[in-house]
Amino acid sequence: MNINNGIDIDVIKKDFPALQREVHPGVPLVYLDTTATSQKPAAVLDSLNRYYSYHNANVHRGIHTLAEEATAAYENSRKCIASFIGATSEKEVIFLRNTTEAINLVAHAWGRSKLVAGDRVILSEMEHHSNLVPWHILSEALGVEIDVINVDDEGYLDMDHYVNLLNNGPKLVSVTHMSNVLGTVNPIKTISTLAHDAGAIVMVDAAQSVPHMKVDVNEIGADFVAFSAHKMCGPTGIGVLWGRRDILEDIPPFLGGGDMIKRVYLRSFAPNDLPYKFEAGTPAIGEAIGFGEAVRYLDGIGMDKIWDHEQTLVKYAMEKVNQVPGVTIYGPSNSQYRGGVVAFTLDGVHPHDIAQVLDSDGVAVRAGHHCAMPLHEKYSLMATARASFYIYNDVDDVDALVDSLDKVRHMFK
Amino acid sequence: MNINNGIDIDVIKKDFPALQREVHPGVPLVYLDTTATSQKPAAVLDSLNRYYSYHNANVHRGIHTLAEEATAAYENSRKCIASFIGATSEKEVIFLRNTTEAINLVAHAWGRSKLVAGDRVILSEMEHHSNLVPWHILSEALGVEIDVINVDDEGYLDMDHYVNLLNNGPKLVSVTHMSNVLGTVNPIKTISTLAHDAGAIVMVDAAQSVPHMKVDVNEIGADFVAFSAHKMCGPTGIGVLWGRRDILEDIPPFLGGGDMIKRVYLRSFAPNDLPYKFEAGTPAIGEAIGFGEAVRYLDGIGMDKIWDHEQTLVKYAMEKVNQVPGVTIYGPSNSQYRGGVVAFTLDGVHPHDIAQVLDSDGVAVRAGHHCAMPLHEKYSLMATARASFYIYNDVDDVDALVDSLDKVRHMFK
Amino acid sequence: MDDMYREVILDHYKNPRHNGELDPADISYQDDNPLCGDMIRIDLRVDKDNKIIECAFSGHGCAISQASASMLMEDIKGKTLDDIKDYTRDDILEMLGIELGPVRLKCAMLSLKVLKVGAYGVQEWVED
Amino acid sequence: MDDMYREVILDHYKNPRHNGELDPADISYQDDNPLCGDMIRIDLRVDKDNKIIECAFSGHGCAISQASASMLMEDIKGKTLDDIKDYTRDDILEMLGIELGPVRLKCAMLSLKVLKVGAYGVQEWVED
Ligand SMILES: Cc1ncc(COP(=O)(O)O)c(C=O)c1O
Ligand SMILES: Cc1ncc(COP(=O)(O)O)c(C=O)c1O
């Protein structure tokens with residue numbers, strides 16, 4: 001028995017086909033790379049297969065049975081996700097490819113219609129490239145100014161610095177709910193309240209929070225929230241932008257084409273209602289349906305239990321990894337403020353070499369800048385190795401990581 | 001035996017799980033809605049399932065075994081599609097969500113960097129909304145002028161009008177290779193040559209051509225070509241923009257985020273090389289892999305055979321449907337210039353009612369404006385019913401359509 | 001199919017009741033469903049107690065949209081504008097006596113939408 | 001793993017040959033791999049026949065990138081710049097004696113890329 005915080009990990013592991021495979025002959029997979037993308041439970045794969053095998057049709061415009069079934073399943077998935085994040089209406093849930101596209105949509109549709117040269121946008125030093133580059137592009141196009149909240153040595157946002165930056169009268173604060181490198185969980189509700197008091201709207205990059213904890217979009221006080229299915233047991237190619245209805249209604253569409261229109265003339269068009277206004281062309285129908293199933297799977301376990309389980313694991317992992325001589329772990333030492341991510345370096349060994357040797361033991365970790373070059377630069381690092389955890393990991397996985405790390409250390413001594 | 005132009009349709013039908021199902025008790029599916037989206041062969045579903053079950057990982061940055069496998073499969077799919085369309089290099093093949101996103105990318109990245117107020121873009125009256133609205137948005141943003149090639153009563157582009165419009169010195173000609181309503185196959189090579197002679201570049205909406213005929217991007221002389229996997233046996237959520245390398249290298253990126261960068265600083269970034277420069281964030285990895293499998297499936301049958309088969313079917317369908325009293329068929333009467341699409345109306349019966357009654361006989365057709373409102377307006381129509389064909393259809397399917405149409409006629413007499 | 005196009009629906013479609021326009025009318029409103037081009041206009045005459053003393057619809061579209069308009073006209077004649085507030089989706093579905101998928105539901109509801117928005121303005125109409 | 005980090009690779013990594021900078025040098029070039037931060041600089045001194053009489057590399061990065069640079073230096077000493085044109089990906093893989101996935105391949109090839117671009121300009125370098 002392998003029960004942790006009310007979750008039977010042995011049972012969960014069996015739900016994931018990938019966790020049954022061997023990486024090399026006789027070497028089973030120890031998957032510690034969920035922060036990059038999660039594995040998928042059979043229930044999600046079955047839902048994909050069922051849709052494509054028996055209900056596949058284009059949505060919204062069809063009258064025949066398959067089209068009605070596909071539309072119902074697609075829209076049902078939207079409702080399911082809306083309720084999962086506490087959205088007031090499913091009209092606020094826009095299906096896009098991923099977190100990245102969602103942030104770009106806000107930068108384009110909201111940014112280009114609401115901002116002018118000299119307006120300020122606040123980001124932070126711990127942002128993923130997805131929450132930096134769209135604003136760089138906007139800044140180049142419009143002359144918008146970017147302010148960046150400092151991150152301190154322990155990996156927390158410098159809230160005093162944030163409050164100072166708010167004095168400049170920003171129009172938008174866009175920050176990550178949880179860092180994909182440091183694991184830091186930011187005080188997003190406080191950030192939102194302060195931003196709103198200063199007259200700014202708030203975009204939250206929730207790519208790493210929605211998969212791992214209960215997130216209620218209204219409770220955290222955000223105006224936009226973005227996340228990706230593939231990091232939370234769902235397929236690739238599908239993600240969500242949630243936005244406050246009044247704001248979504250107030251901004252122009254982004255991509256043009258089928259489905260996002262009410263009427264089209266030869267030289268003009270009238271946009272459709274929410275959420276379709278922002279969904280141009282044939283959407284990722286099968287993937288949206290699979291996403292709904294993933295949310296149902298996570299809900300079945302319980303987001304609070306998932307969070308508690310990961311807390312236990314990351315605490316254990318930090319203790320054990322710290323005992324490996326030469327290791328430095330980045331991010332908060334208090335696991336209460338961090339999710340299930342442990343980025344580290346090992347003296348004298350490049351993270352690529354760490355990942356490579358770990359792979360020979362079946363332990364899958366990431367090595368690199370994890371799409372957070374500015375953060376790595378801040379800590380004068382070229383790269384880190386990163387182990388991350390999910391519902392299907394247990395202490396044995398952590399032990400496998402640590403054993404393999406010891407091997408790395410001896411090899412490179 | 002059910003062999004047509006060297007394709008054994010009975011064997012093909014078995015490849016598609018959806019075609020084995022009943023729509024109502026005892027009523028099998030007759031799927032005539034491929035123009036909206038095609039059904040998927042088991043081979044493609046298996047490849048999706050295999051990827052998600054055993055090789056799922058994020059691509060490009062990973063060192064562990066799964067990440068290498070996923071990257072290899074994803075890039076292999078790109079190569080496969082590049083060769084399918086005769087691209088000089090797979091670096092010219094950009095994975096996006098669908099045709100719509102591909103056209104929007106060109107309108108944004110190329111349009112906003114190369115066009116200024118007063119520049120002209122040529123479209124046509126038979127365009128899908130996906131090849132209208134992105135240009136409307138561009139036109140609103142930049143003051144670009146839109147010219148529209150007339151379509152004549154038989155559904156052909158008015159080439160004299162086109163030549164006249166070219167005199168205005170357009171910067172871009174963007175037209176569909178094949179109409180999703182009329183079935184018209186446009187003389188795309190001639191269109192390209194004339195456009196290039198006039199100094200314009202050429203974007204081809206190939207959403208309806210690449211699935212049904214051999215398209216060689218260099219031979220047709222296009223600069224950009226867009227198509228969607230879901231219309232050619234592949235999954236939803238994945239499509240391709242092919243672009244000429246020198247043009248793609250010359251224009252700025254569109255969406256910003258992970259993967260499309262080489263370096264990121266706090267306030268600026270350096271874009272990545274092709275094709276990654278245009279692929280921001282985690283791509284639709286599983287779907288791209290499924291797309292590769294779909295292309296392999298179609299290649300295995302042979303695009304020339306597929307085209308011939310559809311020619312035979314559409315000729316037969318036009319004859320038979322025309323015999324139903326009160327029917328009007330739109331588009332070229334010479335099946336040599338049309339793909340496997342038959343849009344029609346029936347006197348005194350709204351197309352929605354046609355589609356509904358047909359569905360009760362298991363016959364799935366589309367009814368509406370098929371995302372081509374301006375074309376319908378041109379013919380003073382609110383809607384048409386549309387039957388469309390693919391490799392898995394045969395004359396029995398056409399007969400089922402015609403039998404059911406007769407029933408509609410009697411009901412509404 | 002027999003379900004979908006019950007005799008009564010086809011009858012209302014082929015022989016619409018209260019079909020035409022009222023001139024003058026106290027209330028006139030029209031709207032369409034851009035997806036399929038269905039169009040419905042409704043004209044009402046009401047007395048001082050807001051009772052509907054005459055009503056008519058015009059327009060074009062599929063059997064479902066036209067039949068439901070025709071049935072709705074028969075039903076509201078003699079009712080008050082206040083009564084109209086209570087009409088719901090289910091009332092229309094009950095009149096039609098069939099079940100409908102999401103696309104056809106829009107056809108069926110068009111006349112109710114036109115009626116309610118005409119009588120009370122856009123606020124009254126909640127799509128679902 | 002034993003394959004991946006053969007003794008000889010670890011040895012070159014821990015005890016790099018021709019490590020350092022040449023000042024003056026006839027040819028100096030450096031580049032990096034932004035994905036992982038590997039950096040390699042190569043300095044060459046050539047005689048009048050373009051024969052490499054001295055060479056050195058410096059930089060930082062993973063074992064694969066540094067070991068391949070070290071091995072490459074040993075190999076090119078005494079060769080001519082013309083000889084360098086003939087070096088291919090396979091030569092590097094042969095020196096290393098291992099197979100590599102796409103990410104690590106970039107690490108392994110960095111020194112060859114720096115050498116070729118340094119000697120002949122960007123045109124000479126074709127990534128794959
Ligand atoms: C001619 C044409 N262009 C563009 C599209 C849009 O394709 P998608 O919805 O996959 O973006 C379609 C399909 O509906 C089409 O038929
Ligand atoms: C914090 C954070 N933001 C954004 C992203 C981008 O997500 P995606 O690649 O799915 O767009 C990621 C994942 O890589 C992430 O960890």
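Throughout, a chain's letter reflects where its sequence line sits, starting with A, and its residues are numbered from 1.
- The minimum heavy-atom distance between R97(A) and A284(B), with the atom names listed, is CD-N, 4.4 Å.
- Using cut-offs of 30° and 60° for the angle between ring planes, the H108(A) and F254(B) rings count as perpendicular.
- Screening V363(B), V30(B), V365(B), D33(B) for a side-chain contact (heavy atoms from CB on, under 4.5 Å) involving H64(A) leaves a single residue, D33(B).
- Between atom CD of residue E140(A) and atom OG of residue S268(B) there is a gap of 8.0 Å, rounded to the nearest 0.5 Å.
- In this structure, CZ on R267(A) lies 7.0 Å from CD1 on I146(B), to the nearest 0.5 angstrom.
- Ranked by heavy-atom pairs under 4.5 Å with chain B, the list S228(A), G286(A), A280(A), P253(A) is led by A280(A).
- Taking CG of L132(A) as the reference point, atom CD1 of I261(B) lies at 10.0 Å (rounded to 0.5 Å).
- Looking only at side-chain heavy atoms (C-beta outward), N58(B) and R366(A) come within less than 4.5 Å of each other.
- Using a 4.5 Å heavy-atom threshold, the side chains of Y54(B) and Q20(A) count as separate.
- Between the side chains of H230(A) and T282(B), at least one donor-acceptor pair of N or O atoms lies under 3.5 Å.
- Residues T236(A) and Y52(B) have side chains in contact (heavy-atom distance under 4.5 Å, counting atoms from C-beta outward).
- The distance from the CG atom of D259(A) to the NE2 atom of H129(B) is 11.0 Å, given to the nearest 0.5 Å.
- With rounding to the nearest 0.5 Å, the separation of CG in L255(B) from CG in L255(A) is 7.5 Å.
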- Message: For a side-chain contact (heavy atoms from CB on, under 4.5 Å) check, start with the C-alpha distance between Q39(A) and L66(B), then their side-chain angles and the critical distance, and finish with the verdict.
- Response: CA-CA 11 Å; Q39(A) 291 305 332; L66(B) 267 63; 3.6 Å; yes
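- Using a 4.5 Å heavy-atom threshold, the side chains of E287(A) and P235(B) count as touching.
- With 3.5 Å as the limit, one finds a donor-acceptor pair spanning the side chains of D359(B) and T65(A).
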- Task: Decide yes or no on side-chain contact (heavy atoms from CB on, under 4.5 Å) for E101(B) and E101(A), but give the supporting numbers first.
- Result: CA-CA 11 Å; E101(B) 190 186 15; E101(A) 190 186 17; 4.1 Å; yes
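- For the residue pair C371(B) and G258(A), the shortest heavy atom distance occurs at SG-CA, 4.0 Å.
- Of all heavy-atom pairs between H136(B) and L266(A), the closest is NE2-O, 2.8 Å.
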